[in-house]
2 protein chains.
Amino acid sequence: MSGLDSPSETLDWEPKLASYLAERGLRITRQRKVIADAFFETAGHPTMEELLAKVRETDKNVGQATVYRTLRLLVEAGLAEQSNFGDGTARYEPVSSDHHDHLVCRDCGRIVEFYNDTIERLQDEIAKAHSFAVEHHEMVIYARCTQTACPHKAAAKS
Amino acid sequence: MSGLDSPSETLDWEPKLASYLAERGLRITRQRKVIADAFFETAGHPTMEELLAKVRETDKNVGQATVYRTLRLLVEAGLAEQSNFGDGTARYEPVSSDHHDHLVCRDCGRIVEFYNDTIERLQDEIAKAHSFAVEHHEMVIYARCTQTACPHKAAAKS
DNA sequence: ATGGCTGCAAACCGTTTGCAACTAT
DNA sequence: ATAGTTGCAAACGGTTTGCAGCCAT
């Protein structure tokens, strides 16, 4: 209908962010552009620190506070999602068309995304049964890779 | 078989804790007793702060560090579980015979526990399909009470 | 007596905030 | 010109840790 149907990666964030900012009199700054660019072209679930590192490849002077503030903005604009995988550090990922939950390896930190329709439906039903209106849910399965090689064997804390 | 079958509340923690400590040459101290007592007779999902308050009704001199350390001990002993409901503060609850997940009201902070067999089974299947051995999972549904009165209307931040 | 435990205070660490200078509009 | 934005550093809040003295064993 409206051009290319990309594989849920390209979520056309630029116009969305622009209008979000415009609507409330906020500005499109150089830093916001650099941060959003870095964020949306990063695969995975970066922490602020990881994103900051990437941002500084482009602009060495960006401060962490600005990255935090911009991430909050992206979350508010519905373009990013924040998750917690139990290590006390927030992680962020682009909001893609398809919602998913996470499976985290306790050993190597590898994060696998999954989606299960039945679980989603049951969650809604359960909430409804308790007279709650679901806003958001977070489901993290902590587990251990049973494969021969944890792909990120020493990624966590070298 | 072994005496009374209690409604999953009484989990017979005293002997379990005692043997856990004994096995590794740790000691049963006055503070540990007071803290465990307070913890297991508390309903709900107390934070360290809440537990400390209760503990100090009995012993004014207990320090927070001791409460943190004892809670860690209880978790290690498999007698307590730690959860995070998105407010940056850890909450603890006794490990009861029946596992359950949580439904949290964004408005009033009320926490409802639920259990769904199908979800549990699906989680295991999903993990297995990705060659992960489930260790633990945490599922939190953030929602809003739709009932006329949020029972704890102003409990969060007065 | 000995080695674990405690309370205190300081350290930690991720995140937020105040502020003066800066910049998009 | 004006109000939003930035980087810095300080503040924050929950949690952990070092240490000297204490206490269960």
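Quick note on labels: first sequence line is chain A, next is B, and so on, each numbered from 1.
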Just the rounded figure in Å: distance from [atom2] of [N] to [atom1] of [X].
X        : N       : atom1 : atom2 : result
Glu23(B) : dG4(C)  : CD    : P     : 17 Å
Arg24(B) : dT25(D) : CZ    : P     : 17 Å
Arg30(A) : dC22(C) : CZ    : C1'   : 10 Å
Phe85(A) : dG14(C) : CZ    : P     : 17 Å
Arg72(B) : dG14(D) : CZ    : P     : 18 Å
Leu52(A) : dT6(D)  : CG    : P     : 13 Å
Gln64(B) : dG7(C)  : CD    : P     : 11 Å
Asn84(A) : dT15(D) : CG    : P     : 13 Å

Closest-nucleotide 5' rank along DNA chain D - winner of Gln31(B) and Tyr68(B): Tyr68(B)
Contact nearer the 5' end of DNA chain D, comparing Arg69(B) with Tyr92(B):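 By nearest-heavy-atom nucleotide position, the 5'-most residue is Tyr92(B).
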Would you indicate, yes or no, if [N] has its OP1 or OP2 atom less than 4.0 angstrom from a side-chain nitrogen or oxygen of [X]?
X        : N       : result
Thr66(A) : dG7(D)  : yes
Thr29(B) : dG4(C)  : no
Arg32(B) : dA24(D) : no

His99(A) and His136(A) aromatic centres sub-6.0 Å: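 Not under 6.0 Å, so no.
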Under-4.0 Å salt bridge between Lys54(A) and Glu41(A): yes
NZ/NE/NH1/NH2 to OD/OE distance under 4.0 Å, Arg91(B) and Glu50(B):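 Salt bridge flag = yes for Glu50(B) with Arg91(B).
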Between [options], which nucleotide has the shortest distance from any of its atoms to the side chain of [X]?
X        : options                   : result
Arg27(B) : dG3(C), dC5(C), dT6(D)    : dG3(C)
Ile28(B) : dT25(D), dT16(C), dA24(C) : dT25(D)
Leu26(B) : dA3(D), dG4(C), dT6(D)    : dG4(C)
Ala65(A) : dC5(C), dA9(D), dT5(D)    : dA9(D)
Val62(B) : dG14(C), dG7(C), dT5(D)   : dG7(C)
Thr89(A) : dT15(D), dC23(D), dG14(C) : dG14(C)

Any Lys33(A) side-chain heavy atom under 4.5 Å of Arg30(A) side chain: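 Result no, sub-4.5 Å side-chain heavy-atom pair not found.
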Residue pair Trp13(A) / Asp37(A), side-chain heavy-atom distance below 4.5 Å: yes
5' priority, DNA chain C, between Gln82(A) and Val67(B) [closest heavy atom]: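 The residue closer to the strand's 5' end, by nearest nucleotide, is Val67(B).
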